[in-house]
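Residue numbers start at 1 and run along the sequence shown.
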Amino acid sequence: MAGQLISQQEAAARILQAQRILFFMHVSPDGDSIGSSLALVHALRKIGREAVIVGVDPIPRIYQFLPDWDRWLLPWEQVEGEWDLSCFLDCGDLYRVGAALPAVAKGRSILNIDHHSTNTVFGDENWMDFSAAAVGELAYRLLKEMNLPIGPEEAVSLYTSIVADTGGFRYSSTTAETHRIAAELLEQGVKPYEVAAQIFENETPGRLALLGRALAGLQLDPSGKLAWIVLSREEFEATGASDHDAEGLVNWARSLNGVEVGVLLKETAEGSIRVGLRSRFTVDVGLIAKQFGGGGHARASGCTMEGPLDQAAERLLAAVRAAL
């Protein structure tokens, strides 16, 4: 059952009322999930709150430049006692925290903050803003609402969140407000090239080898409107690449001239299939992902499917063709 929708002001008040706060990251955390969580934890700890970040998967290497990225990480198995609040940032549904789900109950209530239109509104209280380009924008507004200063640590975390979720301000979700917020963060000392270099120019041999295989295997539908990449577990083992090394590869499929929808299907070590979907102008890939228990934005979404890989690809591509 969906919970109560609340305002920005009410969300800020709930956070300020809490003394002990758990911030949950979703599985395979991205720059938005990490940056927005870190910014709020930094700011709240400066005013004496006990705030920690809980997640299942490790922080990807490209985000380990962020200040204190590992200082307040708490493995979900070590969450003990009673906490005032379980706060979700950038999670489309309750189960996006994966194996950390049992730790959610340690919080007296759930506050859900998100910008995905497919969010299931699972919190006891929910602040949704689908116009925001990143949850980092919402975290910025919360800090302003709470009258908490945005110093260098908060600024670089927020800026990273926004840069990561807008593809370097390239995606259609980018607005004038996105740039206004980014400008204020630059005034706090953020160096844009250093952040961009960490996120977009920080490749490993394994990732480049995986990219080579991905491009060599890229397939184009006869319509010319759909392109996809399939990465089996063997591809990762052969290249020495990690799961995180596949992040962003779906954009190569969409970048092909004339393509409306790009798809990436990758097999995990557990045998499940993680799917990334990107579209240009007309197809709502968030709705496609929702058919398979996932979600996201109209132009960027994802889901997890059961294997085997070839059968998952067949079902997913059929859904995309139907949408086209």
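No hydrogens or angles considered: nothing links the side chains of Gln188 and Tyr159 as a donor-acceptor pair under 3.5 Å. Checking Thr282 against Glu260 by side-chain atom types alone, a donor-acceptor pair falls below 3.5 Å.
The side-chain tip of Arg254 points at the ring of Tyr171 from less than 6.0 angstrom away and within 45° of straight on.
A salt bridge does not link Arg233 to Glu267: none of the charged nitrogens lies less than 4.0 Å from a carboxylate oxygen.
The two residues Asp32 and Gly136 make their nearest non-hydrogen contact at OD1-N, 3.0 Å. Residues Gln198 and Ile62 share a closest heavy-atom pair of O-CB, 3.5 Å. Of all the heavy atoms in Leu22 and Ala103, the pair that sits closest is CD1-O, 4.0 Å. Looking at every heavy atom in both residues, Lys144 comes nearest to Ile150 through CE-CD1, 4.2 Å. Residues Ala100 and Val56 share a closest heavy-atom pair of N-CG2, 3.4 Å. Of all heavy-atom pairs spanning Ala298 and Ser279, the tightest one is O-OG, 3.3 Å.
Looking at Tyr63 and His244, their side chains never come closer than 4.5 Å, going by heavy atoms from C-beta outward. Taking the side chain as every heavy atom from C-beta outward, Asp90 and His116 approach each other to under 4.5 Å. Taking 4.5 Å as the limit, every side-chain heavy atom of Trp252 sits out of range of all side-chain heavy atoms of Leu264. Looking only at side-chain heavy atoms (C-beta outward), Asn202 and Phe65 stay at 4.5 Å or farther from each other. Within the 4.5 Å cutoff, the side chain of Pro29 has heavy atoms near those of the Asp57 side chain. In this structure, the side chains of Phe236 and Asp245 stay at 4.5 Å or more apart for every pair of heavy atoms. Between Arg49 and Leu16, some side-chain heavy-atom pair lies under the 4.5 Å cut-off. Between Leu85 and Ser109 there is a side-chain heavy-atom pair separated by less than 4.5 Å.
With Leu148 as the partner, the side chain to side chain contact (heavy atoms under 4.5 Å, CB included) test is satisfied by one option alone out of Leu40, Ile47, Ile15: Ile47.
In this structure, the separation between CZ on Arg20 and CG on Leu44 is 14.0 Å, given to the nearest 0.5 Å.
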field: Steps toward side-chain contact (heavy atoms from CB on, under 4.5 Å) verdict (Asp93, Arg96)
entry: CA-CA 6 Å; Asp93 64 66; Arg96 282 283 283 150; 3.8 Å; yes
query: Should Leu231 and Leu249 be marked as a side-chain contact (heavy atoms from CB on, under 4.5 Å) after you check the CA-CA gap, both sets of side-chain angles, and the distance that decides it?
result: CA-CA 10 Å; Leu231 293 174; Leu249 295 186; 4.0 Å; yes
- request: Start with the C-alpha gap between Tyr140 and Glu184, add the side-chain angles, then the distance that decides, and say whether side-chain contact (heavy atoms from CB on, under 4.5 Å) holds.
  value: CA-CA 10 Å; Tyr140 165 88; Glu184 182 172 331; 2.6 Å; yes
task: Verify salt bridge (charged side-chain N to carboxylate O under 4.0 Å, His left out) between Glu153 and Lys46, making sure each step is shown before the conclusion.
output: CA-CA 11 Å; Glu153 299 93 347; Lys46 289 177 181 178; 3.1 Å; yes
- request: In sequence, state the C-alpha distance, the side-chain angles, and the governing distance for Phe88 and Leu111, and then conclude on side-chain contact (heavy atoms from CB on, under 4.5 Å).
  value: CA-CA 6 Å; Phe88 287 68; Leu111 175 61; over 6 Å; no
query: Could you walk me through whether Thr175 and Glu177 pass the side-chain hydrogen bond (donor to acceptor under 3.5 Å, both in side chains) check?
result: CA-CA 5 Å; Thr175 65; Glu177 179 65 12; over 6 Å; no
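Remark: the backbone N or O of Phe130 is not paired with any side-chain donor or acceptor of Ser117 at under 3.5 angstrom. For the pair Ser161 (side chain) and Ser157 (backbone), a donor-acceptor distance under 3.5 Å is absent. Looking only at distances, no side-chain donor or acceptor of Asp84 sits under 3.5 Å from a matching main-chain atom of Ile21.
Within the structure, every pair that satisfies the side chain to side chain donor-acceptor pair (under 3.5 Å) test and touches residues 307-324, not counting sequence neighbours, is listed here: Asp221-Arg321. Listed by first and then second residue, the side chain to side chain donor-acceptor pair (under 3.5 Å) pairs involving residues 203-219 are Glu203-Arg207, Arg213-Glu235 (not counting sequence neighbours).
Cluster partners of Phe281 are absent, since no Ile, Leu, Val, Met, Phe, Trp or Tyr has side-chain heavy atoms less than 4.5 Å from it. Under a 4.5 Å side-chain heavy-atom cut-off, the cluster of Ile, Leu, Val, Met, Phe, Trp and Tyr residues that includes Leu277 is completed by Leu226, Trp228, Val230, Val261, Val263, Leu265, Ile273, Val275, Val283, Val285, Ile288, Phe292, Met305, Leu309, Leu316, Leu317, Val320, Leu324.
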Which atom pairs, donor and acceptor, lie under 3.5 Å between side-chain atoms of residues 68-82 and protein residues at least two apart or in another chain?
{"residue": "Trp69", "atom": "NE1", "partner": "Gln64", "partner atom": "O", "Å": "3.2"}
{"residue": "Glu82", "atom": "OE1", "partner": "Arg108", "partner atom": "NE", "Å": "3.2"}
{"residue": "Glu82", "atom": "OE1", "partner": "Arg108", "partner atom": "NH2", "Å": "2.9"}

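Enclosure of atom OH in Tyr95 is not indicated, since only 12 or fewer non-hydrogen atoms of other residues, nucleotides or ligands lie within 6.0 angstrom.
The aromatic rings of His115 and His297 sit perpendicular to each other, their planes meeting at more than 60°, with 30° as the lower class boundary.
Scored by the side chain to side chain donor-acceptor pair (under 3.5 Å) test, Asn119 finds Asn112, Asp114 as partners (sequence neighbours excluded).
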